[in-house]
Every structure is written in C-alpha cells, then in structure tokens.
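Take a look at the structure set out below.
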Amino acid sequence: MNIRTRFAPSPTGFLHIGGARTALFCWLYARRHDGRFILRIEDTDRERSTQPAVQAILDGMQWLGLDYEEGPFYQTQRFERYRLVAAQLLEQGKAYHCYCTKQELEQMRAEQLARKQKPRYDGRCRERREPRPGVQPVVRFKNPVDGQTVVDDLVRGRVVFDNRELDDLIIARSDGTPTYNFTVVVDDMDMRISHVIRGDDHLNNTPRQMNIFEALGAPPPRYAHLPMILGPDGAKLSKRHGAVSVMQYREDGYLPEAVINYLVRLGWSHGDQEIFSREEMIRYFDIQDVNQSASAINPEKLLWLNQHYIQHGDAGKLAAELAWQLARIGVRAEDPEKLAAVVRAQQERAKTLKEMALASRFFFEEFADYDPKAADKNLTADILPGLEDVRARFAALAEWKAAGIHQALEASVSAMQLKFGKLAQPLRVAVCGGGISPPIDVTLEILGRDITLARLDRALRWISARRA
RNA sequence: GCUCCCUUCGUCUAGAGGCCUAGGACGGAGCCCUCUCAAGGCUUAAACACGGGUUCGAAUCCCGUAGGGAGCGCCA
C-alpha cells in the first residue's frame, strides 16, 4: 500500500505548536513508510484566510524541516472540481437543495436547544422539489438516517456513531462555494490520501466524512486522531502559551531540532528514550505508540532539550544562529572563527541562543559600564597590585593561548599569595564588565591580547580614579 | 442539553493480567566538583481519579461514578 499523508491547515493564523505537532506526525508517518507527505492549504473561508498566514505556515514548516513531496495545494483553486462533485451528488439524489433561510435555521436551533435536544438540521427540504423564489439554495448532503458509522481509529480504536446523530450538512453555500467537510473528502479522495492524521477535534467530523466517501463510492482513508495539546496550566492553548507562530521560537533562541524533539514526545514515546535524532524518530515512529490523552506543554523541558542541542551542536552551525541573534540586539559579529570560538566557550552555559547572544556581547563590543555589584565587590584597591602583576605577565607572554594564559595567571596568583578566584574574578569583571563569563583563560584567549590589556588598563584606571 | 473522547508523580511518559516495593525524563530538594555562571556526578521527595466487579492475581479487562476535553455554523 502506498502511504500518503497530508497536513491540511487553514491559513487563518500562524503555524502554532499544535499544528506543528500534527504536521510532524504526518510527516513522520510518511517518512517511516517511504510514503509521500502532502501539504494542502484549506483556504475556502476567504474571509479569514490570509496570505501572510500561508507564508507563516510555509516558513514554519521549512524551519522545522518538514518537507513535502506534493503541494502546497490550495482549495480555492479547486472550486471547479468541488462544484462538479456536488453536481454529481445532486444528480444522483445523494444531495439536495435546501431553501431554508438563516432565520429559519436559527429558530430551529433555538427550539431544539430549548427542548434540550442536540441542534441538528431536520431535513425539511429533503423532498422539496420546487425552488423557493428569492432564495439562493445551499446544497445539503443526504446523510443516512439510520444505521451506524464506525470509525476504526488508529489511535482511539473503534468508535461508533449512530447516523441519526448526524444531520444533513451543507456541502455548498448559497454562493456556490464548498464547505470544509466536503472539500476535505473530495481532496482526500482525489489526492489518494491513505492516512488522515489530525487533531482530536475532528473525530466528530469523521463519520460525516466517511458517509460522503461512501456516497462518492470511494473507500475512506484510515484515520488517526491525535490528542490535543494544552497550555502549561492544563487549559486550552492560548496566545499566551504556545499558540504563537513556531517562528517565535526561533526568535527566542530555540533550535528546530529541540522543538521537533520536544513535539515528538508529546503524545508519543518509544520506551524511555528522550533524545531522538531525525533518523531515530523516523525509524521508531509508529501510530500504535501514540497516546490517547491530551498533554500539557512543559516549557522547562523544551528549554532542557534546547540546551541539550546547543550543548551537542556543531559550533560552526550554531555560530550562524548566534550571529543572527547578535544582529537582533544590534551587535555586529562577522568573523566566523571567532563566532565559533564563542559558541564553544558558551555552549554549555546557555539554554537558548538568545541568552548566549546576551551573554556574549562583551566579546564583540566594548561594554559601557561595569556591573555595579560586581565592580564593588571585585574592582577594589587591594587587587590593584594583582591586576598589575598579571597584566605584565600577559604582556610578556610569547603565545596568546588559554594554557599559557592560565599558567601566567597561576604564576601571578602564587606571587601575590592569593587564591585563584581572588584574582580571576576581578580579572573577569575587568574584561567582561560583569561577573559572568566562560572560564577566564578561554575568555581571554578569544578576546585577544590587545583587548585584554586595554580592558585591564581601563579597570586599573577606574580603580585608581575611584580611590582618589 | 445531546453525541463522542480522555484520566499513572507538578509536567511529559514507561507499563499489553504476575517482571510493579509502579520505571525513565523535565522541574524541585540535598550533597559533591568549582575562578564566576554553567555543565557534570551522586542522592532524594513525588503518581496508578474513585467505587464496584472478573481473576489465584489488576495500573493493566468489564461496569458505574466523578472530573476534564471536543463537537453540535452557509468556520475550518
């Protein structure tokens, strides 16, 4: 069997965490089975669909590395096809024109609700032959009135719906445009989708869609309904949480590998394994192992994964992202060698690239003022001789390398009869402006001798000036 | 209201009737290491929603209860 999956977002907003997870699972399933992954943009709601949203979805998928073999297909470009299929259904008596007005429908709904019934269309136009003057009709699908529709869901198991719970849904609006449940079926049929993997919220739509497949004489695909993703508080995902563009994660300094790895473990697992390379995900992914219950986002775990991927990432590749982050805070950094050296020095102490950029400014530009607390504590008169001594040793060093720098520091420390930290920390504040940096020797190596000496002089002057 | 779905540490999860004194991970706590910040190492607290069955035996199967969620549009 040819496995064909699709991701079918409607471009009414950005690609958020929930959508990205759905896309990921579709992609994984196709990859796992040497199938094809199709992207389809469900833009039939012209009011709410926007081009920027389409672009955001495309960008998000690209950033996450979710590539597709076919598409993007746009439903708005397939209206002719939907019209044709609707006409066919009409002709076969499997659909009919309905002339009920919105007011009538609203009233019907209100009455049903008042009777504590489930609101549903009662089929009053089913047998109508004559058009109603002045009313543009909609087309309704003639849903079976009895029997059951069984969804043999790959993650939920067997779910049974009574057809009498379903009503005759509208497949074409009065302006002739098709509606969601209809276009989905036509497309899934035409695109020969073998597996529909989508959010839980569509489980209730599934029997309707299966009935349309049936009417069209086409075999329905297999279905797999994924559990929802909740916000960290267990409530529905909102803009505050993860319902922001996945691109926001890039801006916040996250790596796509981390986001993907985080997402794959939401509702899916492979024993106790937490870290998955793309290859491993593909190799192990199986819908059988998908959970049935909703899961809440845990930002701390995402952060941990991000840190993991920063820590184990290739310095050269991370350097490019770091440069991007630095540029965002107005710091120019062009030397790839230096950037990579900074990454190597920082990669085990940054949870995000944004954080790394913030902590690395001093490598690329002069800092304005010392951090007051750090300066008060470390840049004091009594350390003046130590700093002068170490400055002289640095100036005399034949080679500017971390090992040599460290030796010079040690020599100074013993000559001054200090503890290592007593000299290292003031030195750190002198060259970094604050009390936090990678190990002092590698920090100095990256900074270079000229800048190190210049900043030491600056500190020396600052201390003297302050004492005076 | 009706229909459908879900329920293991705070969170993500392992668990397919005995391997469970319920395992791992994030986060938390403690200790160690240490030139700062980290990283790392070790230790630790923390859960089978509840009630009935079935069975020699249930986190695992069945039924109920409670709680949570989704859907019920000329939205997707």
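Throughout, protein chains are lettered first and strands after them, A, B, ... in sequence-line order, and every chain is numbered starting at 1. Hydrogens, waters and symmetry mates play no part in the numbers below; they use all other heavy atoms, side chains included.
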Counting Watson-Crick and G-U wobble pairs only, both distances under 3.5 Å, name the nucleotide matched with U54(B), or none.
none

RNA chain B: Lys422(A) or Leu302(A), which has the more 5' nearest nucleotide?
Leu302(A)

Gap in Å between the two P atoms, one belonging to G30(B) and one to A39(B), rounded:
15 Å

Are side-chain N/O atoms of Asn378(A) and Gln425(A) paired as donor and acceptor at under 3.5 Å?
no

Say whether His225(A) and Asp153(A), considering side chains only, have a donor N or O and an acceptor N or O under 3.5 Å apart.
yes

Heavy atoms under 4.0 Å, any strand shown: does Val138(A) hit a base, just sugar-phosphate, or nothing?
base

Between G1(B), U13(B), A39(B), which one does the side chain of Gln307(A) approach most closely?
A39(B)

Pairing partner of G71(B), by Watson-Crick or G-U wobble and under 3.5 Å for both distances, is C2(B)

Considering only side-chain heavy atoms of His406(A), which listed nucleotide, C4(B), C35(B), C74(B), is closest?
C35(B)

Gap in Å between the two C1' atoms, one belonging to U21(B) and one to C48(B), rounded:
14 Å

For atom CG of Leu203(A) and atom P of C72(B), their distance in whole Å
13 Å

Between C12(B) atom P and Phe276(A) atom CZ, what is the distance in whole Å?
17 Å

Cut-off 3.5 Å, side chains only: do Gln75(A) and Asp187(A) have a donor facing an acceptor?
yes

By nearest nucleotide on RNA chain B, pick out whichever of Ile436(A) and Thr179(A) is the more 5' one.
Ile436(A)

Starting at CG of Asn291(A) and ending at P of U13(B), how long is that distance when rounded to a whole Å?
5 Å

Indicate, with a heavy-atom threshold strictly under 4.0 Å, whether Ser437(A) touches base, sugar-phosphate, or nothing.
base

Can you check the Glu165(A) CD to G71(B) P distance for me, whole Å?
17 Å

Between P of C9(B) and NZ of Lys301(A), the distance in whole Å:
14 Å

C1' gap between U60(B) and A22(B), integer Å:
12 Å

Honestly, is Arg455(A) close enough over Phe362(A), meaning NZ or CZ under 6.0 Å from the six-membered ring centre and within 45° of the axis?
no

Of the listed nucleotides C35(B), C72(B), A76(B), the one nearest the side chain of Pro119(A)
C72(B)

Give the rounded distance in Å between these two atoms: CG of Asn261(A) and C1' of C12(B).
12 Å

To the nearest Å, give me how far apart CG (Asn298(A)) and P (C26(B)) are.
11 Å

U11(B) -> Watson-Crick or G-U wobble partner, both distances under 3.5 Å, gives A25(B)

Classify Gly267(A) by what it touches in the nucleic acid, base, sugar-phosphate, or nothing, heavy-atom distance under 4.0 Å.
sugar-phosphate

Would the base of C74(B) count as contacting Ser174(A) through its side chain, where contact means a donor and an acceptor less than 3.5 Å apart?
yes

Taking atom P in both A70(B) and C26(B), compute the distance separating them and give it to the nearest angstrom.
31 Å

Would you measure the distance from the P atom in U65(B) across to the matching atom in A46(B) and give it in whole Å?
33 Å

Regarding G24(B), can its base be found pairing with the side chain of Gln273(A) as donor and acceptor, where the two atoms are less than 3.5 Å apart?
no

If we call it a pair only when both distances are under 3.5 Å in a Watson-Crick or G-U wobble match, what pairs with G40(B)?
C32(B)

Would you state whether a donor and an acceptor, one from the side chain of Arg428(A) and one from the base of C35(B), lie under 3.5 Å apart?
yes

Phe276(A): which of Phe285(A), Trp268(A), Tyr309(A), Tyr262(A) passes ring-ring contact (aromatic ring centres under 6.0 Å, His included):
Trp268(A)

Using a 4.0 Å heavy-atom cut-off across all strands, classify Gln311(A) as base, sugar-phosphate, or nothing.
sugar-phosphate

Does Asp201(A) contact G71(B) through a side-chain donor or acceptor facing the base, at a distance under 3.5 Å?
no

Between P of C12(B) and CD of Glu274(A), the distance in whole Å:
12 Å

Under 3.5 Å, is there any donor-acceptor pair linking the side chain of Arg120(A) to the base of C72(B)?
no

Determine the Euclidean distance between corresponding C1' atoms of U8(B) and C31(B); express it in Å to zero decimal places.
30 Å

Side chains of Tyr96(A) and Asp168(A): any donor to acceptor distance under 3.5 Å?
yes

Can you check the distance between C12(B) and C72(B), where both ends of the measurement are the P atom (answer in whole Å)?
26 Å

Assess whether a salt bridge exists between Arg132(A) and Glu104(A), defined as any Lys/Arg side-chain N lying under 4.0 Å from an Asp/Glu carboxylate O.
yes

For Val429(A) and Asp371(A): C-alpha separation, side-chain torsions, deciding distance, then whether side-chain contact (heavy atoms from CB on, under 4.5 Å) applies.
CA-CA 8 Å; Val429(A) 177; Asp371(A) 169 48; over 6 Å; no

Rounding to an integer number of angstrom, what distance separates G53(B) and C5(B) when you compare their C1' atoms?
24 Å

Should the side chain of Asn205(A) and the base of A76(B) be counted as holding a donor-acceptor pair, with the cut-off at 3.5 Å?
yes

